[in-house]
Amino acid sequence: VYTVTTPTASSYLDAASADTLAASRPTNTAWAAASSVEKLAALEEATRRIDSMVLRGNKYDSDQALEFPRIIDGVTVGNADQDAEVPTPVLWACLEEAMAIIGAGTSGSLKDLQEQGVQSMSIGGKLSYTFIAGAGNSGLLSATAKRYMRRYIGAEVR
């Protein structure tokens, strides 16, 4: 289990911790090719996007810079009940969103377009795609990051 107990003031992960976590991801080519400055900028933006979501509960400490760790329904939500650290799924979400930010515009796959909220497109008048309504993301670019965060914004929080 990978954990970071103390996030920086501007990101849940630093570039070195994110590199360690990204090593387990099969599709991290754009991430691996990015400079440490680009990675840090993407991690900071990913953290801002995560913290701008409507989250359940309250900050663990009202003076903490970031939204996690949190207290939800009277329980300190970390990697175990009453564990005041940033939960691993939030770290994964931060990495996934940062990877999506770095990779945005580089692959151009249909899945990428759908995740970016494109509803339909046509190519040359002969080929068209219509995506399922609501399949795009609001708030986060990465659908995977949004799935990791779902437990902190929905009814899945214990």
Side-chain angles (χ1 to χ4, degrees), residues 1-15 17-28 30-31 34 38-105 107 109-120 130-158:
V1 174
Y2 179 85
T3 59
V4 171
T5 55
T6 309
T8 69
S10 57
S11 177
Y12 289 114
L13 290 167
D14 60 31
S17 298
D19 281 342
T20 302
L21 192 56
S24 66
R25 297 281 296 123
T27 55
N28 69 356
W31 179 264
E38 292 171 317
K39 290 175 181 179
L40 183 58
L43 289 164
E44 289 176 352
E45 177 60 23
T47 298
R48 281 190 291 276
R49 291 178 185 188
I50 288 168
D51 280 2
S52 70
M53 298 177 77
V54 177
L55 300 167
R56 294 187 60 204
N58 301 301
K59 291 179 178 183
Y60 176 76
D61 178 349
S62 61
D63 293 332
Q64 70 193 41
L66 303 176
E67 292 294 324
F68 285 90
R70 295 185 73 72
I71 297 174
I72 301 174
D73 296 332
V75 176
T76 303
V77 179
N79 289 316
D81 286 348
Q82 305 303 327
D83 183 5
E85 67 181 9
V86 178
T88 300
V90 174
L91 302 177
W92 292 337
C94 185
L95 174 64
E96 290 291 338
E97 185 66 8
M99 289 172 66
I101 290 167
I102 286 177
S107 65
S109 74
L110 292 175
K111 180 178 180 254
D112 292 337
L113 291 172
Q114 185 178 19
E115 286 185 356
Q116 292 171 25
V118 173
Q119 295 177 2
S120 66
T130 303
F131 300 115
I132 298 169
N137 295 309
S138 57
L140 298 178
L141 184 60
S142 166
T144 304
K146 189 169 184 175
R147 280 192 300 276
Y148 285 134
M149 292 304 298
R150 183 174 47 214
R151 68 183 70 194
Y152 306 109
I153 59 175
E156 292 183 28
V157 177
R158 45 188 158 111

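Atoms considered below: every heavy atom in the structure, side chains included; atoms not considered: hydrogens, waters and symmetry mates.
- Between Ile101 and Ala42, the shortest heavy-atom contact is CD1-O, 3.8 Å.
- Residues Ser24 and Leu21 come closest through the heavy atom pair OG-O, 2.9 Å.
- The two atoms that bring Pro87 and Phe68 nearest to each other are CD-CD2, 3.8 Å, heavy atoms only.
- Between the side chain of Thr47 and the main chain of Tyr12, a donor-acceptor pair closer than 3.5 Å is present.
- For the residue pair Ala65 and Lys59, the shortest heavy atom distance occurs at O-NZ, 4.0 Å.
- To the nearest 0.5 Å, atom OH of residue Tyr148 and atom CG of residue Leu91 are 11.0 Å apart.
- Within the 4.5 Å cutoff, no side-chain heavy atoms of Ile153 are placed close to those of Val54.
- Taking 4.5 Å as the limit, every side-chain heavy atom of Trp92 sits out of range of all side-chain heavy atoms of Thr144.
- When side chains are defined from C-beta on, Tyr152 counts as touching Pro89, because their heavy atoms get closer than 4.5 Å.
- Side-chain atoms of Gln64 come within 3.5 Å of backbone N or O of Pro69 as a donor-acceptor pair.
- Residues satisfying the side-chain contact (heavy atoms from CB on, under 4.5 Å) test with Thr76, not counting sequence neighbours, are Tyr60, Ile71, Gln82, Ala84.
- Shown here are the side-chain contact (heavy atoms from CB on, under 4.5 Å) partners of Asp83, two or more places apart in sequence or in another chain: Asn79, Ala80, Glu85.
- For the pair Leu43 and Cys94, the minimum side-chain heavy-atom distance is below 4.5 Å.
- Considering only residues two or more places apart in sequence or on other chains, Glu67 meets the salt bridge (charged side-chain N to carboxylate O under 4.0 Å, His left out) condition with Arg70.
- Taking CD from Glu97 and CZ from Arg48, the interatomic distance works out to 11.5 Å, rounded to the nearest 0.5 Å.
- When side chains are defined from C-beta on, Arg56 counts as touching Asp73, because their heavy atoms get closer than 4.5 Å.
- For the residue pair Ile50 and Leu140, the shortest heavy atom distance occurs at N-CD2, 4.1 Å.
- Considering all non-hydrogen atoms of both residues, Lys39 and Ala34 come closest at CE-O, 3.4 Å.
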